[in-house]
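Working notes, structure below.
Residues: numbered from 1 along the sequence shown.
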Amino acid sequence: MNKKHMKIAGIAFGAWYVISRPEGAANLVNNALSGLGTCAESLSQFMSAIPS
């Protein structure tokens, strides 16, 4: 399978997951965004701790 087929399969799986389990999909997105926020906060603290 090439990249195009993998991309289509990924989109189809994502659509199926959202349709069949909307609460699970919402939790997944919420957890991902929460993780990104935590990562950004940690990076900000790290950058602030570097002496100039």
Side-chain angles (χ1 to χ4, degrees):
M1 290 176 77
N2 60 21
K3 288 183 181 182
K4 183 178 179 181
H5 289 112
M6 293 298 290
K7 190 178 198 180
I8 291 170
I11 291 170
F13 177 75
W16 171 81
Y17 189 68
V18 168
I19 291 168
S20 66
R21 298 177 185 258
E23 279 188 31
N27 287 336
L28 180 69
V29 171
N30 188 24
N31 290 339
L33 292 178
S34 177
L36 286 174
T38 301
C39 181
E41 185 178 341
S42 297
L43 183 59
S44 173
Q45 289 176 358
F46 172 74
M47 296 302 285
S48 296
I50 295 175
S52 36

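- Linking ILVMFWY residues whenever their side-chain heavy atoms come closer than 4.5 Å, directly or via other members, leaves Leu36 and Leu43 in distinct clusters.
- The line from CG of Asn2 to CD1 of Ile8 is 8.5 Å long, rounded to the nearest 0.5 Å.
- Between the NZ atom of Lys4 and the NZ atom of Lys7 there is a distance of 10.0 Å, given to the nearest 0.5 Å.
- Formation of a donor-acceptor pair under 3.5 Å by the Asn31 side chain with backbone atoms of Asn27 is found in this model.
- A distance-only check finds a donor-acceptor pair linking the side chain of Thr38 to the backbone of Ser34 [under 3.5 Å].
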